[in-house]
Undergrad: 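First the structure, then my questions, so here it is.
Residue numbers count from 1 along this sequence. Treat the numbers as computed from the prediction; the structure is a model and nothing was measured.
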Amino acid sequence: MKKVILLLFAAMLVLSACSSGSNESAASDPSKKEITIWAWDRNFNVAALEVAKELYVSKHPDVTINIIENAQDDIVQKLNTGLNSGTTKGLPNIVLIEDQRAQNFLQSYTDSFRDMSDKIKPEDFADYKIGATSLDGKQYGIPFDSGVTGLFVRTDYLQEAGYTMDDLQDITWDQYIEIGKKVKEKTGKFMLTQDPKDLGILRMMAQSAGKWYMKDDGKTPDLADNPALKEAMETYKKMMDANIIDSHADWAQFVAKVNSGDVASVPTGNWFVASIKAEASQSGKWAVAPFPRLTNNADSVNASNLGGSSWYVLNMDGSDTAADFMTQTFGSDPQMYQKLLTDIGVVGSLNAASTGSAYDAEDAFFSNQKIYTDFAKWSQSVPRVNYGLHTYAIEDIMAVAVQSYLGGTDLDTALKDAQAQAEAQLK
């Protein structure tokens, strides 16, 4: 019996040693530090992390950085599940969160995220990013990529219709529609293409006037009495009625229509550069103009945002190392951002990065335009909004409202119905 007990005890020791996994070396050697980071998109976010990791580890060889790629939806689910359980076990030290989802996490699990106010300065970043990454005067997120928008334009189609890029500088959406009608008449090309289920264009229009689906508190739906949203929907219908919008069903079709030359312009975020440049035969035929502004809204400017994300450090073992890694790389290193732009196409939101040589380079594909100098300039004008807690839940409601309006329902009625549904659903 004693021999059996001793054998069982030895087996338990072996199993215990095996279960400690990759953290064993760090636990047994206090000089070793190890952190884990979650992000999506191997060719963009993960690639940017690899650059930052190489730079940081070269100065801090005692630190091990594990980068784990997950789909964005998986990250959201795992993060919600873990934080809701009240434990950080199994969660990363650093996680990438889309800006439009960030307030959900910050307001629901505030204590789970490290306050980075003593590590980074909000004024060092594009102002509009701070609305998503801060809460109650504290800075939690480390702003990363910018979703600053532009109007990508086929200059050959524009010229055929009798216009130049000078005619697209700081225009209104009504002017854009008139240009689009002329382009369609002269070239047979649609001015843009839209997925009926994707309301990104409405969000861009609304943010250009400093408005969103929610009021400034980020919780109260703001649909029925939102003048910017109302004009955005009116503008969308004008474009549909003018027959200058083609349609697509998914991302692949979207890119295909652009690359095949079916559309004359693309109003979207700067991150679309890589997709446009994927069709090498169109080099020299594109340029980028400022994003159009709402015609009848005095608050609307020729700048907006679509997309973008930021980094967050969780309050758990290793948070000091994680915070230092973020501070020394994404939070302060303009030279690193030059490399990120050149190698990956990341337009960062760190203000100091926007004056480097990479941003000042001419791009032959875009008619030798210094497109990143322009994107950096426009990013300083993007109005700050509170994306709040319910962007995607309200978007589902708004998708129905938009189709109802396009189908003949009075706009005020469609928005009032959406407001009532949002208030009932989001109590």
Undergrad: Could you go step by step and tell me if Asp170 and Arg293 meet the salt bridge (Lys or Arg N to Asp or Glu O under 4.0 Å) rule?
TA: CA-CA 7 Å; Asp170 298 329; Arg293 68 183 186 277; 6.0 Å; no
Undergrad: Using a 6.0 Å cut-off, check whether atom CD of Gln253 has over 12 heavy atoms from anything other than its own residue.
TA: yes
Undergrad: Might you point out which heavy atoms bring Tyr387 and Ala132 nearest each other, and give the distance in Å?
TA: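 Looks like CD1-CB, 3.8 Å.
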Undergrad: Do Asn302 and Ser208 pair up side chain to side chain, a donor and an acceptor below 3.5 Å, judged on atom types alone?
TA: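 Absent: no donor and acceptor within the cut-off.
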Undergrad: Give a yes or no on this: more than 12 heavy atoms of other residues, nucleotides or ligands lie within 6.0 Å of atom CD of Glu54.
TA: no
Undergrad: So, taking the atom named CG in Leu55 and the one named NZ in Lys339, what distance separates them when rounded to the nearest 0.5 Å?
TA: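 Reported value, rounded in 0.5 Å steps: 8.0 Å.
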Undergrad: Is a donor from one side chain sitting under 3.5 angstrom from an acceptor on the other, for Tyr176 and Ser265?
TA: yes
Undergrad: In terms of heavy-atom contacts, does CG of Asn70 have more than 12 from other residues, nucleotides or ligands at under 6.0 Å?
TA: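 It does: Asn70 CG has more than 12 such atoms within range.
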Undergrad: Quick one about Thr172 and Asp174 (side-chain donor to acceptor, distance below 3.5 Å, no hydrogens or angles considered), yes or no?
TA: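 Their side chains do not contain a donor-acceptor pair, so the 3.5 Å distance test is not met.
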Undergrad: How about Tyr140 and Phe113: are their ring centroids closer than 6.0 Å?
TA: no
Undergrad: Could you label the plane-to-plane angle of the Phe144 and Trp311 rings as parallel, tilted or perpendicular, counting under 30° as parallel and over 60° as perpendicular?
TA: tilted
Undergrad: Check this for me: does any side-chain nitrogen of one of Asp324 and Lys119 sit under 4.0 Å from a carboxylate oxygen of the other?
TA: no
Undergrad: For the atom pair CG (Asn315) and OG1 (Thr110), what is the distance rounded to the nearest 0.5 Å?
TA: 10.5 Å
Undergrad: Return yes when atom CG of Asp410 has more than 12 non-hydrogen atoms of other residues, nucleotides or ligands closer than 6.0 Å, and no otherwise.
TA: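 Yes, CG of Asp410 has more than 12 neighbouring heavy atoms, counting only those of other groups under 6.0 Å.
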Undergrad: State, without any angle test, whether Glu279 and Ser281 hold a side-chain donor-acceptor pair at a distance under 3.5 Å.
TA: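 A donor-acceptor contact under 3.5 Å links the two side chains.
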Undergrad: Could you state the interatomic distance from CD1 (Ile120) to OG (Ser332), rounded to the nearest 0.5 Å?
TA: 9.5 Å
Undergrad: Can a salt bridge be assigned to the pair Glu69 and Arg42 using a cut-off of 4.0 Å between side-chain N and carboxylate O?
TA: yes
Undergrad: Is it true that Asp217 and Lys219 have a side-chain N and a carboxylate O under 4.0 angstrom from each other?
TA: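 Salt bridge between Asp217 and Lys219, a charged N being under 4.0 Å from a carboxylate O: no.
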Undergrad: Going by the rule ring-ring contact (aromatic ring centres under 6.0 Å, His included), which residues pair with Tyr372 if we only count those two or more places apart in sequence or in a different chain?
TA: none
Undergrad: Flag yes if more than 12 heavy atoms outside Lys257 fall under 6.0 Å of its NZ atom; otherwise flag no.
TA: yes
Undergrad: Checking His248 now: which residues fulfil ring-ring contact (aromatic ring centres under 6.0 Å, His included) with it, not counting sequence neighbours?
TA: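 Listed in chain order: Phe254.
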Undergrad: Please tell me whether Asn226 and Gln419 have a donor and an acceptor in their side chains that are separated by less than 3.5 angstrom.
TA: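 The criterion, which ignores hydrogens and geometry beyond distance, is not satisfied for Gln419 and Asn226.
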Undergrad: Should the pair Asp363-Lys370 be classified as a salt bridge under the 4.0 Å nitrogen-to-oxygen rule?
TA: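 A salt bridge is absent here (no side-chain N lies under 4.0 Å from a carboxylate O).
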Undergrad: Considering all heavy atoms of both residues, which atom of Tyr213 and which atom of Arg203 are nearest to each other, and what is their separation?
TA: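 For Tyr213 versus Arg203, the nearest heavy atoms are OH-CG, 3.4 Å.
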Undergrad: Do Gln328 and Tyr56 have a side chain donor and acceptor closer than 3.5 Å?
TA: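 The answer is no; no qualifying pair exists.
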Undergrad: Does Gln425 have more than 12 heavy atoms from other residues, nucleotides or ligands lying within 6.0 Å of its CD?
TA: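 Yes, CD of Gln425 has more than 12 neighbouring heavy atoms, counting only those of other groups under 6.0 Å.
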Undergrad: For the residue pair Tyr312 and Ala102, what are the closest heavy atoms and their distance?
TA: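 Closest pair (atom of Tyr312, atom of Ala102, distance): OH-CB, 3.3 Å.
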Undergrad: Under 4.5 Å between any side-chain heavy atoms of Val382 and Val148, yes or no?
TA: yes
Undergrad: Just to verify, what does Lys184 make a side chain to side chain contact (heavy atoms under 4.5 Å, CB included) with, not counting sequence neighbours?
TA: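 Expected list: Phe190, Asn243.
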Undergrad: Between the side chains of Arg101 and Glu98, is the shortest nitrogen-to-carboxylate-oxygen separation below 4.0 Å, so that they form an ion pair?
TA: yes
Undergrad: Nearest heavy-atom pair of Trp286 and Ser367: which atoms, and what distance?
TA: O-OG, 2.9 Å
Undergrad: Could you tell me if Lys238 sits above the aromatic ring of Trp173, with its cationic atom closer than 6.0 Å to the ring centre and no more than 45 degrees from the axis?
TA: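 Here Lys238 fails the 6.0 Å and 45° test against Trp173.
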Undergrad: Ignoring hydrogens and angles, state whether a donor on the side chain of Trp212 or Thr391 is under 3.5 Å from an acceptor on the partner side chain.
TA: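 The criterion, which ignores hydrogens and geometry beyond distance, is satisfied for Thr391 and Trp212.
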Undergrad: Do you know which two heavy atoms are closest between Leu168 and Leu151, and how far apart they sit?
TA: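 Between these two residues, the closest heavy atoms are CD2-CD2, 3.7 Å.
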Undergrad: Give the minimum heavy-atom separation between Met239 and Leu192, together with the two atoms involved.
TA: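 Heavy atoms only, the tightest pair is SD-CD2, 4.2 Å.
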Undergrad: Salt bridge check, Lys230 against Asp412: does any charged N sit closer than 4.0 Å to a carboxylate O?
TA: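 The answer is yes: the pair qualifies as a salt bridge.
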Undergrad: Are a donor atom and an acceptor atom from the side chains of Thr133 and Gln139 found within less than 3.5 Å of each other?
TA: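 Gln139 and Thr133 do have a side-chain donor-acceptor pair below 3.5 Å.
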Undergrad: Report yes or no: do Asn66 and Glu34 form a side-chain donor-acceptor pair below 3.5 Å?
TA: yes
Undergrad: Are more than 12 heavy atoms, taken from residues, nucleotides or ligands other than Asp225, located less than 6.0 Å from that residue's CG atom?
TA: no
Undergrad: Does a side-chain N-to-carboxylate-O contact under 4.0 Å join Asp195 and Lys197?
TA: yes
